[in-house]
Colleague: 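Take a look at the following structure, please.
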Amino acid sequence: MSLNTKLSLNRRHTLSLLAATLAGAVAPVLAQGGPQEGIDYLRLPTRVPTPSGKIDVVAFFLYGSKHSDTFEEVLQPWIKRLPANVGFRYVPPDFSLQGQLHQRLFYTLQAMGVEHQMRAAIFNAIHVRGNPLVTLEAMIKLLAPLGLDENKFTNTFKSIVTNAKIAQVNSLVKEYRINSVPCIGIGGIYVTSTSMGNRGGGGKQHLQTHA
């Protein structure tokens, strides 16, 4: 089995686990052959506070992560089929200087209400065209032709509101014990990822990484 095929299966495995988890109102299906704790998913030692009213699903990703980019192919169709009682959100960690800049890029575009329109172009620029987007100028040059309001973008990028949002998100990343992407948090209780579900021991290794 090729690496790409294996990664594709793992991505679909992640979404299958999510579907089973959400169908059980954040209670994993424990039937024989179903998801297994420590292999297919992790249970957090302390529950993370979540928005009330819906089951909170958090996709931790990075624009600069190739696996996050390819995971989008199966994640997006799945998001469109989510039931009304599920709330979905993206959260970018700040694992590196590039990650910090892209984190600020994400929340700037989100505040402007255009992140979903720019997402594909950003992934393509980084992973296909080799443009790391590590300066404000490079971001504007890429996104302005797509209709970006340059002045609003610059002001929002440097705003106190964006700073506060980033601080809040960094706290969430720590609470979920995330140190790799893509990972998905479910209901403030569980974490799963495309690297889990390896019956040969990959899940246990992932568990140690997050513990």
Side-chain angles (χ1 to χ4, degrees), residues 11 48-80 82 86-186 188 191 193-194:
R11 293 180 195 114
V48 178
T50 60
S52 60
K54 292 187 176 183
I55 299 171
D56 188 42
V57 174
V58 186
F60 296 95
F61 86 105
L62 287 171
Y63 287 134
S65 163
K66 181 60 178 177
H67 293 323
S68 292
D69 179 22
T70 53
F71 190 38
E72 284 287 297
E73 297 174 11
V74 290
L75 185 59
Q76 282 298 322
W78 182 83
I79 292 172
K80 294 176 182 179
L82 284 174
V86 176
F88 180 89
R89 52 182 170 147
Y90 284 100
V91 168
D94 64 341
F95 294 151
S96 63
L97 177 59
Q98 183 190 50
Q100 292 169 18
L101 290 169
H102 290 176
Q103 184 185 60
R104 186 169 293 275
L105 170 63
F106 174 84
Y107 284 110
T108 298
L109 295 176
Q110 188 180 73
M112 295 174 65
V114 297
E115 196 280 333
H116 63 290
Q117 299 173 23
M118 310 293 184
R119 169 176 290 267
I122 293 170
F123 275 127
N124 182 73
I126 296 171
H127 300 290
V128 177
R129 295 162 53 188
N131 181 355
L133 297 179
V134 292
T135 66
L136 189 62
E137 292 73 20
M139 296 172 188
I140 292 174
K141 184 176 180 180
L142 171 69
L143 302 177
L146 302 180
L148 182 73
D149 183 325
E150 296 182 35
N151 290 332
K152 185 176 181 180
F153 176 81
T154 301
N155 292 334
T156 306
F157 193 88
K158 301 176 180 179
S159 72
I160 295 176
V161 173
T162 300
N163 291 341
K165 183 65 177 179
I166 288 173
Q168 180 185 16
V169 166
N170 287 342
S171 177
L172 181 68
V173 171
K174 291 179 181 178
E175 289 178 305
Y176 263 105
R177 303 190 173 196
I178 301 298
N179 57 18
S180 64
V181 293
C183 281
I184 296 183
I186 309 169
V191 178
S193 76
T194 58

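None of the values given here were measured: they were computed from a predicted structure. For reference, positions follow the sequence shown, starting with 1. Side-chain atoms are counted along with the backbone in the values below, which use heavy atoms only and exclude waters and symmetry mates.
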Colleague: Can you tell me if Thr70 uses its side chain to pair, donor with acceptor, with the backbone of Lys66 under 3.5 Å?
Modeller: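 It does hold such a pair.
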Colleague: Assess whether side-chain contact (heavy atoms from CB on, under 4.5 Å) is satisfied between Leu172 and Glu175, documenting all intermediate values.
Modeller: CA-CA 5 Å; Leu172 181 68; Glu175 289 178 305; 4.1 Å; yes
Colleague: Take Val173 and Gln103 through the side-chain contact (heavy atoms from CB on, under 4.5 Å) test and state the conclusion after the steps.
Modeller: CA-CA 12 Å; Val173 171; Gln103 184 185 60; 5.7 Å; no
Colleague: Does the Thr162 side chain pair with the main chain of Lys158, one donor and one acceptor, at a distance under 3.5 Å?
Modeller: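 The answer is no, because no donor-acceptor pair under 3.5 Å joins these two groups.
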Colleague: In Å, rounded to the nearest 0.5 Å, how long is the span from CG of Asn155 to NZ of Lys152?
Modeller: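 Spacing of CG (Asn155) from NZ (Lys152) equals 10.5 Å.
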Colleague: Can you give me the closest heavy-atom contact between Cys183 and Ile178, atom names plus distance?
Modeller: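 Looking at all heavy atoms of both residues, the shortest contact is CB-CD1, 3.9 Å.
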Colleague: State whether Arg119 and Glu115 are salt-bridged, where the test is any N-O pair (Lys NZ or Arg NE/NH1/NH2 against Asp/Glu carboxylate O) under 4.0 Å.
Modeller: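 Result for this pair is yes, salt bridge flagged.
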Colleague: Relative to each other, are the rings of Phe61 and Tyr63 parallel, tilted or perpendicular (30° and 60° limits)?
Modeller: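 Perpendicular.
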Colleague: Run the numbers on Val169 and Phe106 for side-chain contact (heavy atoms from CB on, under 4.5 Å), then give the verdict.
Modeller: CA-CA 12 Å; Val169 166; Phe106 174 84; over 6 Å; no
Colleague: Counting distance only, does the side-chain N/O of Thr156 pair as donor-acceptor with the main-chain N or O of Phe153 below 3.5 Å?
Modeller: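 Checked: no pair found.
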Colleague: Any salt bridge between Arg89 and Asp56, counting N to O under 4.0 Å?
Modeller: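 Answer for the salt bridge query: yes.
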Colleague: What is the minimum heavy-atom distance between Pro182 and Ser193, and which atoms define it?
Modeller: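 Smallest interatomic distance, heavy atoms only, reads O-CB, 3.4 Å.
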Colleague: I want to know whether Phe60 and Tyr176 have ring centres closer than 6.0 Å.
Modeller: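 Between Phe60 and Tyr176, the centre distance is under 6.0 Å.
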